[in-house]
Amino acid sequence: METDGGSWADFDNDGDLDLFITRGQGTTTTNLLYANNGDGAFTQVTLGSMANDQGRWAGSAWADYDNNGFQDLFVTGHPGTREVLYRNHGNGNHWISFKLVGTRSNRSAIGAKVRVQATIFSQTTWQMREISGGNRHQNDLRPHFGLGDATTATTVRIEWPSGAVEEFPNLARDQFHTIVEPSLRGAMKPNGEFELSVWASANRTCTIEHSPDLLTWTVLTTVPGQGETTVAVTDPGAPGQNQRFYRMK
């Protein structure tokens with residue numbers, strides 16, 4: 001069977017990844033869509049224009065272009081043939097999606113892994129998405145997760161390319177969440193005080209600690225995250241110290 005490539009997405013938001021395969025490099029034909037049964041097997045979808053449109057197809061990419069919580073599909077054709085955008089009108093299943101903003105890592109968070117735990121159809125389920133670049137086509141950079149009948153995302157774990165790891169409990173379903181990579185930078189002020197600049201997501205609180213020796217740590221302050229805005233914190237105890245270390249938790 002001649003194929004040109006495949007792309008994965010949870011198009012029905014039931015909590016597992018489905019597969020779309022493009023065909024038609026040499027002859028006009030139809031593409032293939034396989035629904036994930038959730039048990040290691042797939043069922044070919046034969047209804048609908050996505051599975052029956054004829055063409056010489058080249059590649060495909062998934063993205064929620066209308067922001068309705070369901071993955072839409074764009075399919076490209078070989079030179080001289082058409083390109084098609086299939087809109088996903090959705091169903092009753094729930095979802096959660098993220099926009100990751102890198103600070104220490106690259107801005108688009110390429111290389112980050114997002115893991116989501118939820119109870120879907122009475123089963124505790126972990127899903128994982130890795131943000132990556134494309135080869136001839138590029139899926140949406142926003143990691144998207146189908147949640148089925150889940151009432152919430154019980155745990156969301158983000159592993160940033162910088163090595164930073166965050167966990168968020170009980171995030172609301174059917175929403176786009178923007179997560180800013182936690183970052184701590186510092187600079188000495190003219191009066192000798194040390195000023196820290198904190199970047200963190202708006203839905204988390206950061207604890208800033210200082211230490212004279214990396215062994216004993218004392219809380220300096222707590223800072224509510226404000227998304228992509230820098231929050232400045234001044235340490236009045238810095239002047240006169242031979243050395244002083246800072247960390248954010």
Side-chain angles (χ1 to χ4, degrees), residues 1-100 108-114 116 118 120-121 125 127-150 173-176:
M1 179 177 63
E2 179 190 274
T3 64
D4 247 337
S7 53
W8 296 85
D10 186 357
F11 83 93
D12 51 5
N13 281 351
D14 64 351
D16 46 41
L17 289 173
D18 310 293
L19 176 63
F20 184 82
I21 298 175
T22 53
R23 300 194 298 168
Q25 183 172 4
T27 58
T28 299
T29 186
T30 58
N31 294 311
L32 301 172
L33 176 62
Y34 291 97
N36 194 327
N37 299 334
D39 58 1
F42 291 79
T43 298
Q44 184 176 352
V45 177
T46 57
L47 298 177
S49 55
M50 191 184 299
N52 288 283
D53 282 350
Q54 295 278 331
R56 293 182 57 242
W57 309 108
S60 60
W62 296 91
D64 184 3
Y65 87 93
D66 55 358
N67 292 329
N68 70 343
F70 287 83
Q71 296 290 283
D72 310 294
L73 181 68
F74 182 72
V75 184
T76 63
H78 284 281
T81 61
R82 60 178 176 158
E83 298 175 330
V84 180
L85 174 62
Y86 296 101
R87 184 182 182 189
N88 188 340
H89 294 283
N91 54 32
N93 288 336
H94 300 285
W95 54 274
I96 191 168
S97 186
F98 302 91
K99 176 187 176 183
L100 268 57
S108 298
I110 301 294
K113 294 180 180 178
V114 182
V116 170
I120 302 175
F121 305 123
T125 304
Q127 303 179 61
M128 190 275 284
R129 306 282 187 270
E130 182 172 0
I131 301 177
S132 61
N135 179 11
R136 296 198 303 171
H137 60 268
Q138 172 68 60
N139 287 340
D140 197 336
L141 288 177
R142 297 175 297 179
H144 176 93
F145 299 82
L147 295 180
D149 65 346
R173 68 187 186 183
D174 301 336
Q175 290 187 22
F176 294 92

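- A distance of 11.5 Å separates CH2 of W62 from CH2 of W8, quoted to the nearest 0.5 Å.
- Residue T76 holds its OG1 atom at 12.5 Å from CG of L85, rounded to the nearest 0.5 Å.
- Considering every non-hydrogen atom in both S7 and N139, the closest pair reads CB-OD1, 4.4 Å.
- In this structure, the side chain of D72 engages the main chain of Y65 through a donor-acceptor pair within 3.5 Å.
- I110 has its side chain within reach of L141: a pair of non-hydrogen atoms, C-beta onward, lies under 4.5 Å apart.
- Side-chain contact check for M50 versus N31: every heavy-atom pair is 4.5 Å or farther apart.
- Going from atom CG of L73 over to atom CZ of F11 covers 10.5 Å, rounded to the nearest 0.5 Å.
- At least one side-chain heavy atom of I120 sits less than 4.5 Å from a side-chain heavy atom of D149.
- Here the side chain of N36 pairs a donor or acceptor atom with the backbone of L17 at under 3.5 angstrom.
- Contact detail for R129 and P143: the closest heavy-atom pair is CB-CB, 4.0 Å.
- The aromatic rings of H144 and W95 lie parallel to each other, their planes meeting at an angle below 30°, with 60° marking the opposite boundary.
- To the nearest 0.5 Å, atom CD of residue Q138 and atom OG of residue S132 are 6.5 Å apart.
- Scanning both residues, D12 and N93, for their nearest heavy atoms gives O-ND2, 2.8 Å.
- Counting only heavy atoms from C-beta outward, the side chains of F145 and D10 never approach each other to under 4.5 Å.
- Expressed to the nearest 0.5 Å, how far CZ of F74 lies from CD of E83 amounts to 4.0 Å.
- From D174, atom CG reaches atom NE2 of H94 across 5.5 Å, with rounding to the nearest 0.5 Å.
- Here R142 does not pair with D64 in a salt bridge; the nearest charged N to carboxylate O distance is not below 4.0 Å.
- Nearest heavy-atom pair across T30 and R23 is O-NE, 2.8 Å.
- Nearest approach of D18 to Y34, heavy atoms of both residues: CB-O, 3.4 Å.
- Between the side chain of Q127 and the backbone N or O of G146 there is at least one donor-acceptor pair closer than 3.5 Å.
- For T22 against W57, the heavy-atom pair with the smallest separation is CB-CB, 4.1 Å.
- In this structure, Q175 contributes its side chain and F98 its backbone to no donor-acceptor pair below 3.5 Å.
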